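Let me begin by presenting the structure, written as structure tokens, before commenting on it.
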There are 2 protein chains.
Amino acid sequence: MDKQEQILKAALKLFVEYGFHGTPTSKIAQEAGVSNGTLFHYYKTKDELVVALYIYIKTRLSACIDSNRGEGETIKATFKRIFLSSMYWAIENPTEFQFTQQFHSSPYLSMVSDEEIKKQTKCLMDFMQEAIDARVLKQLPIDLLFTLLSSQIYGINEYLVASSLDAEKQKEVINLSFDLIWDMVT
Amino acid sequence: MDKQEQILKAALKLFVEYGFHGTPTSKIAQEAGVSNGTLFHYYKTKDELVVALYIYIKTRLSACIDSNRGEGETIKATFKRIFLSSMYWAIENPTEFQFTQQFHSSPYLSMVSDEEIKKQTKCLMDFMQEAIDARVLKQLPIDLLFTLLSSQIYGINEYLVASSLDAEKQKEVINLSFDLIWDMVT
DNA sequence: ATTAAGATTGACTAATCAGTCTACAAAAAT
DNA sequence: ATTTTTGTAGACTGATTAGTCAATCTTAAT
């Protein structure tokens, strides 16, 4: 029903399959089942569509990560919950995850304002700063810690995708990886 | 003099600046100072050029990593040398490094044969297998270890690029990061 | 010297693409 | 009921693009 969302869904699918360069707006409109004109009614340019899609996906991811933080949770438990929810989000939304990777290492990234990026990571950053202040995490620059964590998630996901394990083995690898990371940052 | 190399250099620069999609072959030829026809004489299609550039860069990177392995080197020393040479290669060749990232998370990756990829990583993989067998590295799947190492290098590089530190501080972060990784994998 | 093979050029083309425009329909506001 | 706003369509266009081609130049072999 919601044409705007249909357009984003179609764009996501095609961008991941054919790349930004290989996906004409006409194909996106076609895949979304709307006219060419409708696409440009909602998004003034193709670039704007690409950026809007990134923000759309990132907003949903960070909402997922930030949600259901328990009350009396220990720092380690929170850290693990964040790690696991990121990991499982990536596994359950492979297309979205691949898109963010693709976007991240493309010139499009510079079209997103710092403000927007900070908005997406504030919750996580605040938690990590607390954990550093509480002397639980190592006394390292918070940006470094953040980057180490994210890149580990990318890496582990890549491994899981490449070696198609069953759900059980997958869970093992994820838990084992968490222990590695936890040892590293504490 | 070597037109083929000039074409690769020009393509590299433009791809990183404008993305694969935003770089017409005509601009590549222009930047390289050759004619349109010459470009297509060496590379039958644009895709072929993109893939050739990836292989060209990766070959030089792995040659750099695989070189100067000392004789009586301990496993830790070898591991550190590999880590450091990768890190410094990334710092000294930021455009090349960014290109590989961009390529890696694009649909172009599937155009590179498994064989070609294995050729690039064989040396490093063999060393890691030795280190696992010698019970120095943790008993983990080698692909997982490899992925963890590479993604950490990506991540640390990203951090270093974002926070423009002086050479001294940069070195500190790199050494400190090595210790974190070494603790993690042993 | 002559030939053959590859290198280089740049004009050319057929196809494609991002984005526009006009027309019309639906809904909302007055 | 009528006006205004918003959504939707799809034909259209001017610019651009990947790739071709025939002609010339260079190099090396015979």
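Numbers restart at 1 for each chain; the letters A, B, ... are given by sequence-line order, proteins then strands. Because the structure is predicted, anything quoted here is derived from the model rather than measured.
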Query raised in the report: Between Phe15(A) and Phe99(A), how do the two ring planes meet: parallel, tilted or perpendicular, split at 30° and 60°?
Result: parallel
Atom [atom1] of [X] and atom [atom2] of [N]: how far apart are they, to the nearest Å?
| X | N | atom1 | atom2 | result |
| --- | --- | --- | --- | --- |
| Leu49(B) | dG19(D) | CG | C1' | 13 Å |
| Gln6(A) | dG7(D) | CD | P | 15 Å |
| Ile28(B) | dT9(C) | CD1 | P | 16 Å |
| Leu39(B) | dT17(D) | CG | P | 14 Å |
| Glu48(B) | dG19(D) | CD | C1' | 13 Å |

Query raised in the report: Phosphate oxygens OP1/OP2 of dT6(D): is one of them under 4.0 Å from a side-chain N or O of Tyr42(A)?
Result: no
Query raised in the report: Think Lys3(A) has a side-chain N or O under 4.0 angstrom from the OP1 or OP2 of dA26(C)?
Result: no
**Report entry** Minimum-distance nucleotide (side-chain atoms of His41(B) versus dG7(D), dT8(C), dA9(D))
**Finding:** dT8(C)
Using distance only, find each side-chain donor-acceptor pair of residues 123-135 of chain B under 3.5 Å and give its atom names and separation, not counting sequence neighbours.
from, atom 1, to, atom 2, distance (Å)
Asp126(B), OD2, Lys122(B), NZ, 2.6
Gln129(B), NE2, Asp133(B), OD1, 3.2

Report summary line: Contacts of Tyr159(B) meeting side-chain hydrogen bond (donor to acceptor under 3.5 Å, both in side chains) (sequence neighbours excluded), chain-then-number -> none
Query raised in the report: Looking at CD1 of Ile153(A) and CD1 of Ile181(A), how far apart are the two atoms once the value is rounded to the nearest 0.5 Å?
Result: 6.5 Å
Query raised in the report: About how many Å separate NZ of Lys46(B) and OG1 of Thr23(B), when rounded to the nearest 0.5 Å?
Result: 6.0 Å
Which atoms of nucleotides 10-20 of chain C (N or O only) lie under 3.5 Å from a protein N or O atom, and what are those distances?
from, atom 1, to, atom 2, distance (Å)
dA18(C), OP1, Lys46(A), NZ, 2.7
dA18(C), OP2, Thr25(A), N, 2.6
dA18(C), OP2, Thr25(A), OG1, 2.8
dG19(C), OP2, Lys46(A), N, 2.7
dG19(C), O6, Asn36(A), ND2, 2.7

Report task. State, without any angle test, whether Glu116(A) and Gln120(A) hold a side-chain donor-acceptor pair at a distance under 3.5 Å. Result -> yes
